[in-house]
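Step one of this worksheet: look at the structure below.
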Amino acid sequence: MADYPDRPGYSFAPGPPPEAARFLRSKGIRPAFSFADVEPEEHAVAYTVAKAMELDVLAAIKAEVQKAIDEGLPLATFQKNFRANPALAQWWGKREMVDPVTGEVVLAQLGSPRRLKTIYNANLASARAAGQWERIQRTKDMLPYLEYRLGASEHHRKHHADKEGLILPVDDAFWDDWMPRNGWGCNCWVRQITRREAERRGISARPKVRDTVVTNTRTGAVRIVPEGIDPAWARNPGKMRLENIEAVLAEKITALDPAAQRVAVADIASSWRAARVLEVKAPGAVPVAVLPQALAEEIGAPTSVVSMTGSYGEKFVTRGRGVDLSTLSDLQAALEGGLLALETRADGLSLIAFSRGQKPWRFVLKVLAQEGEIWVRTIHRAEPRKWRALIKRDGVRVLRE
């Protein structure tokens with residue numbers, strides 16, 4: 001097995017899930033007067049508590065929640081530590097505050113036993129859900145299905161009860177919205193199961209769920225939310241977090257100068273993370289190449305960053321094409337000095353690159369102008385005769401021979 005310096009270590013020591021702790025620790029802080037002032041996408045990357053308007057107070061609250069997750073503290077201990085924290089001594093009871101949206105002076109509830117319980121439960125629930133999603137993606141080869149289960153609540157929401165026992169693949173779009181928790185006080189959860197169990201018990205048809213249009217009365221934002229889910233809990237926080245990370249990474253690479261871009265992408269494409277995605281053992285996408293600036297401008301590419309997902313990587317590996325991380329360095333070489341052609345097809349634009357050498361590779365990159373993305377679509381061994389046949393096809397423009 002190749003040795004990757006960026007490969008994380010593992011420990012079998014008992015304790016709270018490290019993925020949940022990391023989810024909260026990586027969040028920034030976002031002061032807000034109301035929880036509704038922050039949309040779900042921002043909640044996935046920023047920590048907020050309603051009425052905690054001062055940065056130092058919000059940071060202190062986050063630190064207490066982080067400690068509770070890291071150490072697996074029960075609610076009573078969290079409440080005791082919170083009340084003993086000098087930085088939070090003034091954030092208690094009720095206080096007159098100016099609502100920044102309406103301009104009105106209101107008597108706002110700050111800390112209270114009930115609010116601390118809400119802060120504790122909501123933050124632990126979202127962190128654990130995000131951490132569980134990370135583990136689900138990591139183990140879905142062995143446990144490719146999820147079962148929706150009800151929690152230990154005395155009364156269950158009808159729309160949640162209707163989902164009890166539902167069995168769907170991990171990557172089904174249903175879980176984009178319905179990955180628990182799905183509302184304030186919701187105790188629903190999912191159980192990850194094997195293909196054999198799913199087939200024995202019966203794989204469900206995706207339920208037809210009506211959407212509702214919800215207007216945020218504070219921000220004016222209009223959202224479409226599945227009926228039965230509280231708007232603040234719509235969307236899967238773990239999946240949103242991964243999508244945000246990938247978007248930020250691609251944006252940062254694009255902002256670098258060409259020389260730095262190449263170095264950054266080369267490091268990522270040779271990393272343990274890229275290997276895991278290529279082998280379909282980790283979710284998401286990784287940048288694996290960058291288009292030379294002149295080439296990007298010539299074909300009107302929406303971005304210069306080329307990414308690869310595990311779904312494409314699976315095809316390369318399972319079909320015995322011998323694709324590995326070293327192949328990705330051939331992709332960069334092909335883009336910079338190989339044979340290039342641009343093909344216009346019914347499903348869009350494809351950039352085709354042949355690496356030079358005794359055993360060249362043929363790479364097909366899908367250029368999605370509307371989405372602003374470029375994906376590695378196909379990789380396989382190339383032959384000179386295939387190149388000659390390609391340039392004779394209709395809709396193909398040779399860029400470099």
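This structure is a prediction, so every number in the text was calculated from the model and none was measured.
Between Ile352 and Leu340, every side-chain heavy-atom pair lies at or beyond the 4.5 Å cut-off. The side-chain heavy atoms of Val290 and Gln332, taken from C-beta on, include a pair separated by under 4.5 Å. When side chains are defined from C-beta on, Ile167 does not count as touching Leu146, because their heavy atoms never get closer than 4.5 Å. Proximity of Gln293 to Ser304: side-chain heavy atoms (C-beta onward) are nowhere separated by under 4.5 Å. Contact of the Phe174 side chain with the Lys163 side chain is registered, since non-hydrogen atoms from C-beta on lie closer than 4.5 Å. Within the 4.5 Å cutoff, no side-chain heavy atoms of Met142 are placed close to those of Thr194. The closest side-chain heavy-atom distance from Lys67 to Asn81 is below 4.5 Å. Residues Leu335 and Phe363 form no side-chain contact, since every pair of their non-hydrogen atoms from C-beta on lies 4.5 Å or further apart.
With sequence neighbours left out, Arg397 forms a salt bridge (charged side-chain N to carboxylate O under 4.0 Å, His left out) with Glu298. Remark: His159 pairs with no residue by the ring pair (Phe, Tyr, Trp, His ring centres under 6.0 Å) rule, at least two apart or across chains. Residues meeting the side-chain hydrogen bond (donor to acceptor under 3.5 Å, both in side chains) test with Asp172, sequence neighbours left out: Arg206. Considering only residues two or more places apart in sequence or on other chains, Lys208 meets the salt bridge (charged side-chain N to carboxylate O under 4.0 Å, His left out) condition with none of them.
Closest of all the heavy-atom pairs between Ala334 and Arg400 is O-NH1, 3.6 Å. The two residues Val214 and Pro231 have their closest heavy-atom pair at CG1-CG, 3.8 Å. Of all non-hydrogen atoms in Tyr120 and Leu73, the two that sit nearest each other are OH-O, 2.6 Å. Between Leu291 and Ile374, the shortest heavy-atom contact is CD1-CD1, 3.5 Å. Among all heavy-atom pairs drawn from Phe78 and Leu116, the shortest one is CE2-O, 3.6 Å.
Note on Glu64 versus Lys62: no salt bridge recorded, every NZ/NE/NH1/NH2 to OD/OE distance being 4.0 Å or above. Under a 4.0 Å N-O distance rule, the pair Asp230/Arg157 qualifies as a salt bridge.
The ring pair (Phe, Tyr, Trp, His ring centres under 6.0 Å) pairs that include a residue from residues 190-220 number zero, where partners must be two or more places apart or lie in different chains.
Note: Asn123 CG to Thr118 OG1 = 10.5 Å, rounded to the nearest 0.5 Å. The CD1 atom of Ile69 sits 4.5 Å away from the CG atom of Leu24 when rounded to the nearest 0.5 Å. If you take CG on Leu143 and CZ on Arg191, they are separated by 9.5 Å, rounding to the nearest 0.5 Å. Note that the CD1 atom of Ile61 and the CG atom of Asn85 stand 9.5 Å from one another [nearest 0.5 Å]. For the atom pair OG1 of Thr327 and NE2 of His380, the computed distance is 13.0 Å after rounding to the nearest 0.5 Å.
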Side-chain donor/acceptor pairs under 3.5 Å, residues 86-96, sequence neighbours excluded:
| unit_1 | atom_1 | unit_2 | atom_2 | d |
| --- | --- | --- | --- | --- |
| Trp91 | NE1 | Lys51 | O | 3.3 |
| Arg95 | NH2 | Gln90 | O | 2.9 |

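In summary, the side chains of Gln192 and Thr139 do present a donor paired with an acceptor at a separation below 3.5 Å, with no hydrogens or angles considered.
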